[in-house]
Amino acid sequence: MTKKYWLMKTEPDTFSIDDLKSRPNKTESWDGVRNYQARNFMRDEMKKGDLILIYHSSCKIPGIAGIAEVAKESHPDHTCFDKTSKYYDPKSSEENPRWFMVSVKFKKKFKNFLPLNELKEQKKLKDMLLLQKGSRLSIQPVTKKEYDFITQELAK
DNA sequence: GCCAACGTTGGC
DNA sequence: GCCAACGTTGGC
């Protein structure tokens with residue numbers, strides 16, 4: 001089974017890579033995703049051990065902060081059943097959940113954070129989904145080439 | 001806070 | 001199935 005590579009966005013004011021690191025077992029359920037494409041990646045394609053770039057969005061300096069891995073494969077996102085949750089979805093039920101999530105485990109925080117504006121300068125990353133105009137998808141596939149370049153040449 | 005780009009909803 | 005209206009994302 002070949003390992004796949006992903007990028008997951010998070011707003012550091014809400015949940016940062018440091019928050020992930022300080023969780024019990026350094027693991028967190030990636031709940032609250034309410035986009036079908038992103039859901040399908042989690043439900044159908046993300047496998048245990050796949051590697052994830054953790055991206056900080058909607059903050060002063062957006063960019064890639066470090067690495068996590070898939071710790072638990074697809075299971076229903078319970079927040080869609082919870083009427084008190086802001087992620088509650090009336091069209092979901094326990095019998096027929098609409099939303100799924102994976103759990104991710106902290107692996108590494110880069111010593112040097114990789115800001116978006118520096119990623120944009122990299123010719124080798126010009127095709128990266130993250131850097132395409134209008135790209136808003138919160139969970140994206142990353143190629144092995146991109147992943148290796150980012151983790152081995154840009155980050156330490 | 002602005003706004004472009006994208007996704008979803010719902011009337012027809 | 002089309003598409004206008006609306007809501008959200010996310011960089012700047």
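Order of the sequence lines fixes the chain letters, A, B, ..., with proteins taken first and strands second; residue numbering starts at 1 for each chain.
Comparing the axis of the opening five pairs of the helix from dG1(B)-dC12(C) to dC12(B)-dG1(C) with that of the closing five pairs yields an angle of 10°, rounded to 10°.
Taking atom CG on Leu7(A) and atom P on dT9(C), their separation rounds to 16 Å, with Å as the unit. Regarding Tyr87(A), its OH atom lies at a distance of 12 Å from the P atom of dT8(C), rounded to whole Å. Atom OH in Tyr36(A) sits roughly 17 Å away from atom C1' in dT9(C) (whole-Å rounding). Regarding Asn35(A), its CG atom lies at a distance of 10 Å from the C1' atom of dT9(C), rounded to whole Å. The nearest whole Å value for the distance from the CG atom in Asp89(A) to the P atom in dT8(B) is 12 Å. Atoms CG (Leu129(A)) and P (dC6(B)) sit 11 Å apart, rounded to a whole Å.
Counting heavy atoms from C-beta outward, Met101(A) and His78(A) have side chains that approach closer than 4.5 Å. No side-chain heavy atom of Lys126(A) sits under 4.5 Å from any side-chain heavy atom of Leu131(A).
In this structure, Tyr5(A) and Tyr147(A) have tilted ring planes: the angle between them lies in the 30° to 60° band.
In summary, the side chains of Ser103(A) and Glu73(A) do not present any donor paired with an acceptor at a separation below 3.5 Å, with no hydrogens or angles considered.
Grouping the Ile, Leu, Val, Met, Phe, Trp and Tyr side chains by contacts below 4.5 angstrom, directly or via other members, places Ile17(A) with Trp6(A).
Remark: Tyr36(A) engages Arg98(A) in a side-chain hydrogen bond (donor to acceptor under 3.5 Å, both in side chains) (not counting sequence neighbours).
The phosphate of dA5(B) has OP1 or OP2 within less than 4.0 Å of a side-chain N or O from Lys133(A).
Salt-bridge formation is detected for the pair Asp77(A)/Arg34(A): a Lys NZ or Arg NE/NH1/NH2 atom is positioned less than 4.0 Å from an Asp or Glu carboxylate oxygen. Salt-bridge check for Arg23(A) with Glu28(A): passed, with a basic side-chain N closer than 4.0 Å to an acidic carboxylate O.
With rounding to the nearest 0.5 Å, the separation of NE2 in His56(A) from CG in Leu116(A) is 13.5 Å.
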Anything under 3.5 Å between a protein N or O and an N or O of nucleotides 10-12 of chain C, put it in a table, one pair a line.
from	atom 1	to	atom 2	distance (Å)
dG10(C)	OP1	Lys9(A)	NZ	2.8
dG10(C)	OP1	Arg136(A)	O	2.7
dG11(C)	OP1	Tyr55(A)	OH	2.6
dG11(C)	OP2	Ser58(A)	N	3.0
dC12(C)	OP1	Lys120(A)	NZ	2.5

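Among the nucleotides dT8(B), dG7(B), dA4(B), the one closest to any side-chain atom of Gln37(A) is dG7(B).
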